[in-house]
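Residue numbers begin at 1 in each chain, while the letters A, B, ... track the order of the sequences.
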Number of protein chains: 2
Amino acid sequence: MDQSLKLEHQICFQLYTASKELTRLYRPILAPLNLTYSQYLVMLVLWEEDGMDLRQLGSRLTLDSGTLSPLVKRLIQIGYVEKSRATDDERKIVVRLTESGSALREQALDVPRQVSGMLNIDEATYIAYMEMLTDIKTRLHDFGERQREQ
Amino acid sequence: MDQSLKLEHQICFQLYTASKELTRLYRPILAPLNLTYSQYLVMLVLWEEDGMDLRQLGSRLTLDSGTLSPLVKRLIQIGYVEKSRATDDERKIVVRLTESGSALREQALDVPRQVSGMLNIDEATYIAYMEMLTDIKTRLHDFGERQREQ
DNA sequence: AACAATTAAGTTGTGCACAATTTAAATTAT
DNA sequence: ATAATTTAAATTGTGCACAACTTAATTGTT
């Protein structure tokens, strides 16, 4: 019998479950910060570079306005960010950290260490895995390029 | 400045985007089969072993009844599966392929080949990546075990 | 046998994720 | 300059994903 459709042989399934289970690990760690996982990703971007517009945020996280608009609205309600129109281009919405959102970074500093501890992974393996994941994404993007060329 | 919160350094983010982008790749491939990605996963399980109950399906895919109940309902509407009560345990709902659902397997046989082609990945690399993902999941499960012991 | 605890599905509510559409602002072309 | 096109964000609708809860069947205990 053909084995190609076996669930466990699908790289997509392994990626999908690994991602889901790792995200599950984050939930209790992020709960004290009052953040969901996706909201945490947005905060990571803003802590790196405050005052991004939605489109920039989206291209960084591969999320469109349909996901980001309501997500940012929730971050505003919590009080971590605020919105304003860009002065040079009235279409753009600039998202900025509030004082509370900036301050949260201190608390978040411990998150990566906690996750590493839970994964119990050494530096070399971690780097190797990161490279593999980057490679998968590169292959996906390369395919996208090839498609676009035709 | 501390780099630990840099988005690209987070393995969770790389997993999350890799998974999302690979799923995106499946969408146009699965569209002719009239399946979403999650529905495809359920079909993969049923093609392997028909007549599973919801709990078994869920433990195989790491999904709970809150996700599976409505998902299976949609598969019934499409006409690929049907539900019935287990005779030995009236709590259990057994999900079985219809003729149309069984027949769909023939069409699906080409899906993995198409995806591999798009990823443009050789056998050895593919296996190495699968092992990495399995290892990540093992580490996550190991942590779960350690937690439960306390 | 009768009651308590557990288990299987289903339901409700929240929050992504994304396609498709809408609205308004900015660019470009004529 | 004005019309056509493009772009940014928001909105609408569908389908996961999961926590919390409900209902009904089964199992365990006394």
- Message: Within the 4.5 Å heavy-atom criterion, are A:Ser4 and B:Leu109 side-chain neighbours or not?
- Response: yes
- Pairs in or reaching into residues 115-137 of chain A: which pass salt bridge (Lys or Arg N to Asp or Glu O under 4.0 Å), with residues at least two apart or in two chains? A:Asp135-A:Arg139
- Message: Just to verify, what does B:Tyr37 make a ring-ring contact (aromatic ring centres under 6.0 Å, His included) with, not counting sequence neighbours?
- Response: A:Tyr16, B:Tyr26
Interface polar pairs with nucleotides 1-4 of chain C, N/O, under 3.5 angstrom:
none

- Query: Do A:Ile136 and B:Gln14 have side chains that get closer than 4.5 Å, going by heavy atoms?
  - Reply: no
- Give the rounded distance in Å between these two atoms: NZ of B:Lys20 and P of C:dA19. 10 Å
- Task: Please identify each residue that fulfils salt bridge (charged side-chain N to carboxylate O under 4.0 Å, His left out) with A:Lys73, with sequence neighbours left out.
- Result: none
- Note on the structure: Sorted by chain and number, sequence neighbours left out, side-chain hydrogen bond (donor to acceptor under 3.5 Å, both in side chains) with A:Gln56 holds for none
- Query: Given that A:Asp64 and A:Ala86 both sit by DNA chain C, which one's nearest nucleotide is further toward the 5' end?
  - Reply: A:Asp64
- Comparing A:Lys73 with A:Arg24, nearest DNA chain D nucleotide closer to 5' gives the residue A:Lys73
- For A:Asp110, all residues meeting salt bridge (charged side-chain N to carboxylate O under 4.0 Å, His left out), sequence neighbours excluded: A:Arg113
- Item | A:Trp47 side chain vs B:Lys6 backbone, donor-acceptor pair below 3.5 Å | no
- Message: Quick check: on DNA chain C, is the nucleotide nearest A:Leu71 upstream (toward 5') of the one nearest A:Asp88, or the reverse? Name the residue that is more 5'.
- Response: A:Leu71
- Task: Looking at every strand, decide which applies to B:Thr62 at a 4.0 Å heavy-atom threshold: base, sugar-phosphate, or nothing.
- Result: sugar-phosphate
- How would you label the contact of A:Ser59 with the nucleic acid (heavy atoms, under 4.0 Å): base, sugar-phosphate, or nothing? nothing
- Message: Run the salt bridge (charged side-chain N to carboxylate O under 4.0 Å, His left out) test against B:Glu82 and tell me which residues pass, sequence neighbours left out.
- Response: none
- Query: Checking all strands, does A:Thr67 fall into the base, sugar-phosphate, or nothing category for heavy-atom contacts under 4.0 angstrom?
  - Reply: base
- Would you please test B:Ile78 and B:Gln39 for side-chain contact (heavy atoms from CB on, under 4.5 Å) and show each step? CA-CA 11 Å; B:Ile78 306 170; B:Gln39 291 166 1; 4.0 Å; yes
- Task: Give one of base, sugar-phosphate or nothing for B:Leu68, where a contact means two heavy atoms less than 4.0 Å apart.
- Result: nothing
- Does the side chain of B:Ile29 reach to within under 4.5 Å of the side chain of B:Met118, using non-hydrogen atoms? yes
- Message: Angle between the end axes of the helix from C:dA1-D:dT30 to C:dT30-D:dA1, five pairs per end, to the nearest 10 degrees?
- Response: 10°
- Message: If the condition is salt bridge (charged side-chain N to carboxylate O under 4.0 Å, His left out), which residues does A:Arg55 pass it with, not counting sequence neighbours?
- Response: none
Which pairs, protein N/O on one side and nucleotides 5-9 of chain C N/O on the other, fall under 3.5 Å?
| unit_1 | atom_1 | unit_2 | atom_2 | d |
| --- | --- | --- | --- | --- |
| C:dT7 | O2 | B:Arg91 | NH1 | 2.9 |
| C:dA8 | OP1 | B:Arg55 | NE | 3.0 |
| C:dA9 | OP1 | B:Leu54 | N | 3.2 |
| C:dA9 | OP1 | B:Ile93 | N | 3.1 |
| C:dA9 | OP2 | B:Arg55 | N | 2.8 |

- Which nucleotide span of DNA chain D, 5' end to 3' end, has atoms closer than 4.0 Å to non-hydrogen atoms of chain B? D:dG15 to D:dT26
- Item | By side-chain hydrogen bond (donor to acceptor under 3.5 Å, both in side chains) - contacts of B:Arg91 (at least two apart) | B:Asp89
- Message: With heavy-atom distances below 4.5 Å as the criterion, would you say the side chains of B:Leu140 and A:Leu119 are in contact?
- Response: yes
- Item | First of B:Thr36 and A:Gly66 reached from the 5' end of DNA chain D, by closest nucleotide | A:Gly66
